[in-house]
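Here is the structure we will look at, set down as structure tokens.
This one's a predicted model, so the numbers in the text were calculated from it and none came from an experiment. Within every chain, numbering begins at 1; the chains are lettered A, B, ... in the order of the sequence lines, protein sequences first and strands thereafter. Reckoned from all heavy atoms, side chains included, excluding hydrogens, waters and symmetry mates.
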Amino acid sequence: MKEINFSRIEKKWQKKWEEKKIFEVSEKSKKKKYYVLDMFPYPSGEGLHMGHAFVFSLGDIYARFKRLQGFNVLYPIGYDSLGLPAENAAIKAGEHPADYTKKSMKNFMKQQKAMGWSYDWSRVLWSHDPEFYKWDQWIFLKMLEKGIAYRKKAPVNFCEKCQSVLANEQVIDGKCWRHEDCDVEVKHLEQWFLRITKYAEDLLKGLDKIDWPENAKKRQRNWIGRSEGTEIDFEINGEKWPVFTTRPDTIFGVTFVVVSAQHNKLIDLVTPEREKEVQKFLKKIKSVSEKEMEDMEKEGVFTGSYATNPINGKKVPVYAGNFVLAEYGSGMVMAVPAHDQRDFEFAKKYGIDIDVVIQPIGENESYDGKSMKEAFVGYGKLVNSEGFNGLKSEEAKGHITTALKIKKLGREKIQYKLRDWLISRQRYWGTPIPVVYCDKCGIIPVDEKALPVELPKKVKFGKGNPLETNDKFVNVKCPKCSGKGRRETDTMDTFANSSWYYLRYTDSGNKKKIFDSKNANYWCPIDQYIGGPEHITMHLIYVRFYTKFLKDLGLIRFDEPALKYFTQGIVHASDGAKMSKSKGNVVEPLEIIEKYGADTLRLALVSSASPDKDIIWDEKIVLGSNKFLKKVYEYFNNLKFGKVDAKTESKLNKTIKEVTENVESFKHNLAIIKIRALFDSFSDEGIDKKTAEGFLKILHIYCPFITEELWEKIGGKGFVSLSDWPKVDEKKIDEKFEKAEEAVEKTVSDIMNILKIVKEKNGKEAERVYIYVIPNEINRYDSDELSKRVGKSVGVFAVNDKAKIDPEGKSKKAKPGKPGIYVE
RNA sequence: GCGGGUAUGCCGGAGCGGUCAAACGGGACGGACUCAAGAUCCGUUAGCUUAGUGCUUACAAAGGUUCGAAUCCUUUUACCCGCACCA
């Protein structure tokens, strides 16, 4: 077989598509819209990796599919070019992030075109463009106005390597999400936050109306972490201190109260005589990282104060403890050692009373605080709880809450695990936060008209935030009083950009507005979003939050960004580990393209397994795809149109039907098997034009280059890229052809079996084969084909053929669908 | 600790109550073609048995539901992933 010059074909069609701008779309189309989106990539200097090749191919396949189905498909691309990774990479390369990013993007574009992805390049955007991040700043100002953005001092996660604070979502196992070897430290700093918690309930409820994988929804629900409980006021030194509990039924068992060691009002609780002890304890805690904290034993120190239990007036000691989160609930808990394992351990350690107030129902055993080995955390019957004795836990919760409500010392409360989003980063390569600090006026937002606050190019990289090294940037007039002001030098978390970029695509050139609502409402929400599992609790929470906020602003009509979401698997290296440069196991898409062609790579990536599963890269997976495409090319290249035959028509229609369903549900592995089977059934005598076109169309979504080339070759009109998805003609699907085919297969295997047995018996091979077929099935069996399959000369006779050769009368064994066989 | 997932033949991987010794690809083996190699084509690839048949053992392990299980349920084991002192 002649080598096929894939590279020539690819370049040719890349150029044609680009020249004719065939993937550019407009809102004016009469077709129904469809918005397909892959998450926009961070343009790393290393170019595309296999994971990119995989996800974006999935997006492109789907976009092409919908386009052929007659939708007005928006399939845009952009670059998440702002952010820490770019800054760090640039510093390492000794370049300015702006230059570095520009180069990286160029490289990315080249490779993306090489992959054949059908983007509307006219809408391309990059987040380091001031015309883009201007709107980041604009949204921020709106959030400030609405009280969604705010500043507070809080214990925050700090990564030494990033030299910056991190969001809660960016801390993984106590480590920085970018630096697996860097423990995150807890620091107390004043920072900017976005009040995502205000949308906690909406974020939870919205999940019910979107078509996302159940797993993704569960993880988000888990992350939002709604729990219903009671907020109870404990009085300490004449002041009310609320605590949150999901177990108000255990309130009579409270023997102490613990306030978080990170609580900002902790000092108010400490009595003078305990101050030294408490300070010692705090110092000890401070020196441990968050990671170590997790493995640490529960520890605490008595503050010297006592809290009054509102239900019975009992006074209990107040401790400061390392196991209470300052950021959850009120940063303080009521401790019931008999019925909570952490409280139990703490009480044991410090010799605090353990009062049992719940006894299990239906068990002989009853608990006693002194002899307990661990806390009884289950539900049961109340004891030692005054008027509530005998109630079941479930009932008692309500009754006790009501009793507290009457005293105005308690109330029902819904608590979420979700924290407000910390967006300040002490780094250069991000969207500047548009505020100015003025000694007189305080925190003053930059005027909308003065946006964007541009990142100055001249900064010095080194220790600390590079932005502070540019005096012109830092020292500005106060927008309010025109006095001396100091500009905020923190920049925004990179996830701010990705939280609304999908909207900008709908009107990317707009210089006056963030986007035209008409355009956004036309294209959005995204019909099919595609991305990795790692984004479920970061980007996908944030983008939903921004969408809800922008809806509240009245800019858009919908409150969920993506109706459908597909999570693709991760591409692992051949050693099973993640592909990474340091491990030296990276395979670059470009290498494979050069060797086998882009179509081969695209086909291979989605046919090796179901795309929602992780795949282990192995060059072998490319081999089969490559062979197949060569055969296809060869076949069509030499194709002379033949006649339509009912069998092929049936097969074609059936294949189209099945492939359509498979593509719709991202089961490309199965779709491709069917496409291959269809091809295998094509006769050497050629196929008719309609069949040829149908085949090329369905293959096209996977292999756009070669199919364009062959489309042209067989005289197709225009581009296949802009043709139409073949319609299924159910009437043409006839199962009898399948049955006939199966019968032939069975006959072949029967013959092979007999040949084998005969060889074993006689010690030598038979030379000829005769089969005897029921007369009306005679057309199913072709002598030449059978001979080829079996590797022997096969004679085909009808059972009633007088001239048949049948020395052993085997023709009598023939049945419908099962010919008699004789070998000699 | 909580939550999610996965376990299939030499390998990757379909299958999700009967039509399953199990799609498809890769590998291996045998054959055709060739002077030869490659490519291509055909076949074989659990075991025994048999002129195209039948049987046995099989889908991590053990139980169960069912007329019937790779497929459903329970328990166990192993691996992967997410969350994690959330009161």
Round to a whole Å and report the spacing from [atom1] of [X] to [atom2] of [N].
| X | N | atom1 | atom2 | answer |
| --- | --- | --- | --- | --- |
| A/D618 | B/G12 | CG | P | 10 Å |
| A/K792 | B/A51 | NZ | P | 19 Å |
| A/K613 | B/G15 | NZ | C1' | 10 Å |
| A/D612 | B/C80 | CG | P | 20 Å |
| A/I224 | B/G3 | CD1 | C1' | 15 Å |

- Message: Between B/C41 and A/K788, counting only base atoms on the nucleotide and side-chain atoms on the residue, is there a donor-acceptor pair under 3.5 Å?
- Response: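 It does not, because no donor-acceptor pair links the side chain of A/K788 to the base of B/C41 below 3.5 Å.
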
Counting only Watson-Crick or G-U wobble pairs whose two distances fall under 3.5 Å, which nucleotide matches [N]?
| N | answer |
| --- | --- |
| B/U50 | none |
| B/C20 | none |
| B/C83 | B/G1 |
| B/C72 | B/G64 |
| B/U44 | B/A28 |
| B/U6 | B/A78 |

Nearest-angstrom distance, [atom1] atom, [N] to [M]:
| N | M | atom1 | result |
| --- | --- | --- | --- |
| B/A39 | B/C48 | C1' | 38 Å |
| B/A60 | B/C10 | P | 14 Å |
| B/A7 | B/U76 | C1' | 14 Å |

- Query: Across the strands shown, which category fits A/P819 at heavy-atom distances under 4.0 angstrom: base, sugar-phosphate, nothing?
  - Reply: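 If one applies the 4.0 Å heavy-atom cut-off, A/P819 turns out to touch a base.
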
